[in-house]
Amino acid sequence: MERSEQTLIRLEKLGKLRELGIDPYPLRPATVGEIEYKTQELLDNFEDLSSEEKEVSTAGRIIAIRKHGKSVFMHLQDMTGKIQLLFRLNITGEEKFNLIDYLDIGDYIGVRGILFKTRTGENTMDVHKWDLLAKSLHPLPEKWHGLKDIELRIRKRYLDLSINPETREIFIKRAKIIQFIRDFLNGRNFLEVETPILQALYGGAFATPFTTYHQTMDMELFLRIADELYLKKLIIGDLDRVYEISKNFRNEGIDRTHNPEFTSLELYQAYTDYYGMMELTEELLGFIASELLCGLNVTFNEKEISVEKPFQRVTMFDAVKEHAGIDIKGSSVEALKKYCKDNEIELPQRLSFWKLVEKIFDEKVQPNLIQPTFILDYPIELSPLAKRKPGDPELVERFELFIGGLEIANAFSELNDPIDQRERFERQMELRREGEEETQELDEDFLLAVEHGMPPTGGLGIGIDRLVMLFTDTQSIREVILFPLTRSK
RNA sequence: GAGGGUGUAGCUCAGGUGGUAGAGCAACGGCCUUUUAAGCCGUGGGCCGAAGGUUCGAAUCCUUCCACCCUCACCA
């Protein structure tokens with residue numbers, strides 16, 4: 001491996017430290033003792049701690065050094081924040097003071113000293129004792145511009161997190177959002193469960209799976225594309241309210257809103273339906289917003305969005321009529337094709353009525369759905385696991401929630417009629433024979449479970465990554481996933 | 001998968017029409033005991049993404065490849 005000039009210099013310092021009998025990677029601090037405080041705790045309790053003039057300790061990574069001859073300022077960072085340190089020759093003693101020459105930005109040290117306020121008013125630790133805790137062999141990216149290169153930020157996420165406070169902020173928020181979801185659902189007697197990631201048969205969504213292989217069972221396996229079928233089996237097992245926050249895997253393209261592995265929440269609640277899921281969704285988002293932002297307004301992509309309930313409810317028909325200016329009720333494939341041509345919309349690969357509607361919706365409607373909007377009543381052809389809508393044989397009781405132009409949630413009144421469910425699966429097989437690429441597999445095991453009796457149930461899926469994008473005002477899914485997929489270099 | 005763009009020092013970026021590389025930060029050597037993008041004086045650092053080609057001469061022009069970004073297609 002090629003070493004940069006700066007790394008060679010650091011390796012040299014490391015060698016010299018060892019010659020002096022100082023372990024650059026000690027098990028624990030040699031002189032500082034126990035690390036008692038996080039940096040933010042020192043600042044939060046500054047008045048008390050500084051007035052007592054008691055020695056306190058902390059530890060972290062050196063992120064800045066300013067040498068002034070016989071005194072040195074540093075900034076020390078940990079997860080909670082950063083604090084300024086002052087080293088003075090007459091306080092630390094000459095031997096220890098001179099060792100500062102072997103320290104670099106990026107090194108970890110433990111410090112013990114007294115808190116005081118500098119002339120310019122910054123709360124600072126006057127360091128009495130310090131120990132090197134770990135030497136860094138590479139310089140940290142520049143303090144002023146930070147690490148900007150998106151590729152480096154992803155490949156070296158540790159540097160991004162260390163250097164760019166905004167990045168750290170996003171992932172702290174992400175953790176909080178997931179915690180709030182758990183708090184909300186646990187408070188409503190939902191049971192958190194785990195279902196298999198490795199599955200012999202995949203289902204619950206339209207997607208291409210990743211395949212893998214179990215050696216000793218000599219078995220082809222799929223990484224799950226959705227939790228749906230397993231969670232419904234739990235409903236059938238009379239676990240009335242269940243949810244899972246899980247990674248799903250889809251072997252498809254990557255773009256601003258798609259990563260091959262992504263996190264979703266799926267929940268199922270017996271004895272309710274998609275109306276119940278709408279209310280639950282409204283309350284869940286309101287809960288997250290008020291816990292996270294102390295309010296119901298969020299800025300996303302320079303737009304003010306309110307997650308105050310109730311959200312708008314618009315049928316797919318009405319939404320297309322309103323935003324695309326075309327009445328699809330009673331329309332025909334030919335009319336929709338003409339509309340696409342007139343509006344410079346590329347035609348989908350298969351020219352079925354609903355594929356065309358879906359395309360027009362994606363192009364003309366979705367980008368306009370900025371305020372939270374439930375789009376209701378989807379075609380049965382695209383929803384083989386949802387219950388029929390009374391009075392319309394073409395539609396099912398299903399909604400998708402759009403916010404800020406992003407598809408955030410998908411829910412339906414779950415199909416619990418085993419006869420109908422079997423027919424739907426068979427229809428999927430038929431579509432496959434006709435050349436449809438993505439269809440759902442007939443799952444006998446699941447059907448058998450439904451045949452044992454499944455209560456009326458509402459089901460809801462929420463894309464966690466996109467939800468985090470919404471609440472952190474980020475425009476790419478890669479900004480909210482710690483290690484998005486990249487090619488190996 | 002298709003089209004467009006980017007790749008120069010550890011980081012952030014400059015380098016009209018080809019003449020063999022520059023800044024700030026970081027680093028190194030000095031001076032400096034309350035600075036904070038510390039300051040001042042001085043120094044080093046680059047196979048200009050990779051491989052070919054055109055040319056007397058390529059960071060610059062051409063070809064291929066690699067990685068990333070944007071748009072589109074597939075999808076949530």
Side-chain angles (χ1 to χ4, degrees), chain A residues 2-10 12-13 63-75 82-92 97 101 104-106 116-122 124 126 136-156 159-160 163-164 204-209 225-226 248-264 266 344-350 355 358-359 362-363 366 400-402 406-410 437-438 461-467 469 475-478 484 486-489:
Chain A
E2 238 170 276
R3 293 301 200 178
S4 74
E5 180 197 31
Q6 299 208 32
T7 296
L8 292 173
I9 289 166
R10 284 170 183 236
E12 204 174 306
K13 288 177 180 173
I63 58 166
I65 301 176
R66 294 179 291 278
K67 295 189 179 181
H68 290 260
K70 295 183 180 65
S71 73
V72 177
F73 285 95
M74 294 188 193
H75 269 104
K82 63 182 178 180
I83 188 168
Q84 181 168 258
L85 308 175
L86 173 61
F87 298 77
R88 292 186 290 174
L89 174 66
N90 60 325
I91 300 296
T92 64
F97 190 84
D101 284 340
D104 289 296
I105 290 170
F116 76 107
K117 209 179 271 288
T118 60
R119 237 179 248 162
T120 50
E122 180 161 351
T124 302
D126 190 28
S136 163
L137 297 180
H138 299 280
L140 248 33
E142 200 218 341
K143 60 188 169 189
W144 191 240
H145 297 92
L147 190 65
K148 283 189 171 174
D149 186 308
I150 180 71
E151 187 179 352
L152 283 179
R153 286 184 46 226
I154 288 171
R155 289 187 191 273
K156 301 187 177 178
L159 293 180
D160 186 29
I163 281 286
N164 296 324
F206 294 102
T208 311
I225 58 172
N248 290 342
F249 306 85
R250 299 193 184 173
N251 207 337
E252 285 156 359
I254 298 173
D255 64 26
R256 208 169 57 238
T257 55
H258 298 84
N259 192 62
E261 61 180 286
F262 63 102
T263 304
S264 52
E266 277 196 42
E344 294 182 346
I345 296 171
E346 209 171 314
L347 293 175
Q349 291 178 336
R350 260 170 47 84
K355 283 277 176 189
E358 194 182 28
K359 185 76 193 173
D362 289 349
E363 292 290 324
Q366 186 173 339
E400 291 190 332
L401 171 65
F402 295 86
L406 295 175
E407 185 184 334
I408 297 285
N410 179 24
E437 283 181 8
E438 278 173 0
I462 293 182
I464 299 294
D465 309 289
R466 290 179 184 176
L467 193 67
M469 286 170 66
Q475 300 305 312
S476 167
I477 200 166
R478 288 179 323 243
T486 50
R487 272 175 229 275
S488 50
K489 248 187 168 170

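In this text, all values refer to a predicted model and were calculated from it rather than measured experimentally. Quick note on labels: first sequence line is chain A, next is B, and so on, each numbered from 1.
- In this structure, B/rC72 and B/rG1 make a Watson-Crick or G-U wobble pair, each of the two defining distances being under 3.5 angstrom.
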Name the pairs: protein N/O against N/O of nucleotides 44-47 of chain B, kept only if under 3.5 Å.
from, atom 1, to, atom 2, distance (Å)
B/rG44, N2, A/Glu5, OE1, 2.4
B/rG44, N2, A/Glu5, OE2, 3.4
B/rG44, N3, A/Glu5, OE2, 3.4

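- Only the P atoms considered, B/rU63 is 11 Å distant from B/rG4, to the nearest whole Å.
- Remark: C1' of B/rC68 and CG of A/Leu147 are 14 Å apart, rounded to the nearest angstrom.
- Here the separation of B/rG16 from B/rU60, taken at their P atoms, is 12 Å to the nearest Å.
- To the nearest whole angstrom, the two C1' atoms, one in B/rC41 and one in B/rU20, are 31 Å apart.
- With sequence neighbours excluded, the residues that form a side chain to side chain contact (heavy atoms under 4.5 Å, CB included) with A/Ile63 are A/His75, A/Gln77, A/Lys82, A/Leu140.
- Note: CD1 (A/Ile65) to P (B/rA37) measures 16 Å, nearest angstrom.
- One can place CD1 of A/Ile163 at 16 Å from P of B/rC25, the figure rounded to the nearest angstrom.
- Taking atom C1' in both B/rC66 and B/rU43, one finds a spacing of 36 Å when rounded to whole Å.
- Nucleotide B/rG46 is matched to nothing when pairs are restricted to Watson-Crick or G-U wobble geometry with both distances under 3.5 angstrom.
- B/rC25 and B/rG42 have their P atoms separated by 14 Å, with the value rounded to a whole Å.
- Across all strands shown, A/Gly463 has no heavy atoms under 4.0 Å from either base or sugar-phosphate atoms.
- In this structure, A/Ser264 reaches neither bases nor backbone, as no heavy-atom distance under 4.0 Å exists between it and the strands shown.
- The C1' atoms of B/rA67 and B/rA50 are separated by 11 Å, rounded to the nearest whole Å.
- Looking at heavy-atom distances under 4.0 Å, A/Arg153 makes no contact with the nucleic acid at all.
- Distance check on atom C1': B/rC13 versus B/rG18 gives 23 Å, rounded to whole Å.
- The 5' end of RNA chain B is approached more closely, in terms of each residue's nearest nucleotide, by A/Gly146 than by the other of A/Asp362 and A/Gly146.
- Taking 4.0 Å as the cut-off between side-chain N and carboxylate O, A/Lys67 and A/Asp101 count as a salt-bridged pair.
- In terms of position on RNA chain B, the residue among A/Phe249 and A/Glu363 whose nearest nucleotide sits closer to the 5' end is A/Glu363.
- Looking at every heavy atom in both residues, A/Ile65 comes nearest to A/Asp104 through CD1-C, 3.9 Å.
- By the 5.5 angstrom centroid cut-off and the 30-degree plane limit, A/Trp144 is classified as not stacked against the base of B/rG24.
- Residues passing the side chain to side chain contact (heavy atoms under 4.5 Å, CB included) test with A/Glu142 are A/Trp144, A/His145, sequence neighbours excluded.
- With sequence neighbours excluded, the residues that form a side chain to side chain contact (heavy atoms under 4.5 Å, CB included) with A/Asn410 are A/Arg398, A/Glu400, A/Phe412.
- For A/Lys117, the side chain to side chain donor-acceptor pair (under 3.5 Å) partners are A/Asn123, not counting sequence neighbours.
- Shown here are the side chain to side chain contact (heavy atoms under 4.5 Å, CB included) partners of A/Ile9, two or more places apart in sequence or in another chain: A/Glu5, A/Lys13.
- Considering only residues two or more places apart in sequence or on other chains, A/His68 meets the ring-ring contact (aromatic ring centres under 6.0 Å, His included) condition with A/Phe73.
- Within the shown strands, nothing qualifies as a pairing partner of B/rU35 under the Watson-Crick or G-U definition with both distances less than 3.5 Å.
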Point to revise | Protein proximity profile, nucleotides 28-36 of chain B - base contact B, sugar-phosphate-only contact S, no contact -, cut-off 4.0 Å on heavy atoms | key: S---BBBBB
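- Rounded to whole angstrom, the span from the CD atom of A/Glu151 across to the C1' atom of B/rC66 amounts to 10 Å.
- Distance check on atom P: B/rC61 versus B/rC28 gives 38 Å, rounded to whole Å.
- Taking atom NZ on A/Lys359 and atom P on B/rC72, their separation rounds to 9 Å, with Å as the unit.
- Candidate nucleotides B/rU71, B/rA76, B/rC11 were compared by shortest atom distance to the side chain of A/Arg256, and B/rU71 ranks first.
- The base-pairing partner of B/rU6, taking Watson-Crick or G-U wobble contacts with both distances under 3.5 Å, is B/rA67.
- Annotation: side chain to side chain donor-acceptor pair (under 3.5 Å) contacts of A/Glu261 (sequence neighbours excluded): A/Lys247.
- Atom CD in A/Glu142 sits roughly 14 Å away from atom P in B/rA9 (whole-Å rounding).
- Remark: P of B/rA2 and CG of A/Asp255 are 17 Å apart, rounded to the nearest angstrom.
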Exercise for review: With side-chain contact (heavy atoms from CB on, under 4.5 Å) as the test, would you mind laying out the steps for A/Asp126 and A/Ile91 before giving the verdict?
Suggested key: CA-CA 8 Å; A/Asp126 190 28; A/Ile91 300 296; 4.2 Å; yes
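- As rounded to whole Å, 14 Å separates atom C1' of B/rA26 from atom CG of A/Leu159.
- Summarising the geometry of A/Gln475 relative to A/Arg256, their closest heavy-atom pair is O-CG, 2.6 Å, with the distance given to 0.1 Å.
- Between B/rG10 and A/Arg10, no contact under 4.0 Å exists linking OP1 or OP2 to a side-chain N or O.
- Phosphate contact (OP1/OP2 of B/rG10, side-chain N/O of A/Arg3, threshold under 4.0 Å): absent.
- The partner of B/rG19 is B/rC56, judged by Watson-Crick or G-U wobble contacts that both fall below 3.5 Å.
- Looking at heavy-atom distances under 4.0 Å, A/Asn259 makes contact with a base.
- Of all the heavy atoms in A/Ala205 and A/Ile225, the pair that sits closest is O-CD1, 3.4 Å.
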